[in-house]
> 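Got a structure here, written out as structure tokens. Questions coming.
Per chain, numbering begins at 1; letters A, B, ... match sequence-line order.
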Amino acid sequence: DGGITQSPKYLFRKEGQNVTLSCEQNLNHDAMYWYRQDPGQGLRLIYYSQIVNDFQKGDIAEGYSVSREKKESFPLTVTSAQKNPTAFYLCASSGQTGRGRGEKLFFGSGTQLSVL
Amino acid sequence: GNSVTQMEGPVTLSEEAFLTINCTYTATGYPSLFWYVQYPGEGLQLLLKATKADDKGSNKGFEATYRKETTSFHLEKGSVQVSDSAVYFCALPSEGGSEKLVFGKGTKLTVNP
């Protein structure tokens, strides 16, 4: 079945540590996104990528980094510079062409990151 | 850019009750509008969408009508079930022709038997 796979489901970070969240899709979608979800705050966009080897900052990119070396993969690194990383992280992709290309998003099941 | 304001929850209903979750938007032009649903421990799924004014999106008994006069896209269901318990998000593109969606803060719905 086609879809988006996020791993791990739960992740713990120690102080000063960088951690990487995995996101893989087999939907052949060009665009991929990372959102952060905090209770009562909805979803906020961290980074997005419209094509391989290209990505743009979203609304809350500070303390995060990404890469897009393959169409299928869009890993997110939470660096030690992110002082409040505890949140639920959601990866999404979209593949519609033309206007409103990113409108229908397909989401993974998320990674809950907590600080030890 | 575009924005959305969503009714805050939580909302608690008994089974078979009528549901309304309010959503209003601010946008340039007439973008598509969406409702997404998130079941516990999962990612979001598209519930329904409307692409132009007066369109009605519907799915699984849920409906929402794109009202440009009131800039609203309220979600309704005539008779909720326990299985409808989830968090509901209203969304629209962040700007005209954008690749990105902006989401409301979400409304948590709990349906009791």
> Heavy-atom distance under 4.5 Å to chain B: side chain of Gln6(A), backbone, both or neither?
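It is neither, since no heavy atom gets under 4.5 Å.
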> Quick check on Phe18(B): does its CZ atom have over 12 non-hydrogen neighbours (other residues, nucleotides or ligands) under 6.0 Å away?
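Check passes, neighbour count above 12.
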> Between atom OG of Ser94(B) and atom CG of Leu45(A), what is the distance when rounded to the nearest 0.5 Å?
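Rounded to the nearest 0.5 Å, the OG-CG separation comes to 8.0 Å.
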> For Gln38(B), is it the side chain, the backbone, both, or neither that has a heavy atom closer than 4.5 Å to a heavy atom of chain A?
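Interface part for Gln38(B): side chain.
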> Side chain from CB out, backbone as N, CA, C, O: work out which of these in Phe106(A) comes under 4.5 Å of a heavy atom of chain B, or both, or neither.
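Contact with chain B is absent: no heavy atom of Phe106(A) under 4.5 Å.
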> Under 4.5 Å between side-chain heavy atoms, counting indirect links through other Ile/Leu/Val/Met/Phe/Trp/Tyr residues: same cluster for Phe55(A) and Val78(A) or not?
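Hydrophobic grouping puts Phe55(A) with Val78(A).
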> Taking all non-hydrogen atoms of both residues, which atom of Gln37(A) and which atom of Phe89(B) are closest, and how far apart?
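Nearest heavy atoms, Gln37(A) then Phe89(B): NE2-CZ, 3.3 Å.
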> Hydrophobic clusters here meaning ILVMFWY residues chained together by side-chain heavy-atom distances under 4.5 Å, can you tell me if Leu113(A) and Phe88(A) are in one?
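In one cluster: no.
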> Can you see which heavy atom on Tyr35(A) is nearest to which on Leu101(B), and at what distance?
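Result for this residue pair: OH-O, 3.1 Å.
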> Would Tyr39(B) end up clustered with Leu13(B) when hydrophobic side chains under 4.5 Å apart are linked, directly or stepwise?
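In one cluster with Tyr39(B): Leu13(B), yes.
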> According to a hydrophobic-cluster definition based on side-chain heavy atoms being under 4.5 Å apart (Ile, Leu, Val, Met, Phe, Trp, Tyr only), do Phe62(B) and Val111(B) belong together?
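Cluster IDs for Phe62(B) and Val111(B) match.
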> Quick check: are there more than 12 heavy atoms from other residues, nucleotides or ligands sitting under 6.0 Å from CD of Glu16(B)?
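For Glu16(B), atom CD is not crowded (no more than 12 foreign heavy atoms under 6.0 Å).
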> Could you tell me the separation between the NZ atom of Lys100(B) and the OH atom of Tyr33(A), rounded to the nearest 0.5 Å?
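Reported to 0.5 Å precision, the distance equals 9.5 Å.
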> With a 3.5 Å distance limit and no angle check, can you tell me whether Lys105(B) reaches the backbone of Leu43(A) through a side-chain donor-acceptor pair?
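Not confirmed, Lys105(B) side chain does not pair with Leu43(A) backbone.
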> Nearest 0.5 Å please: distance from the CG atom of Leu105(A) over to the CD atom of Gln45(B).
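Between atom CG of Leu105(A) and atom CD of Gln45(B) there are 13.0 Å.
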> Starting from Leu21(A), can I reach Phe74(A) by hopping between I/L/V/M/F/W/Y residues whose side chains sit under 4.5 Å apart?
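Yes, Phe74(A) and Leu21(A) fall within the same hydrophobic cluster.
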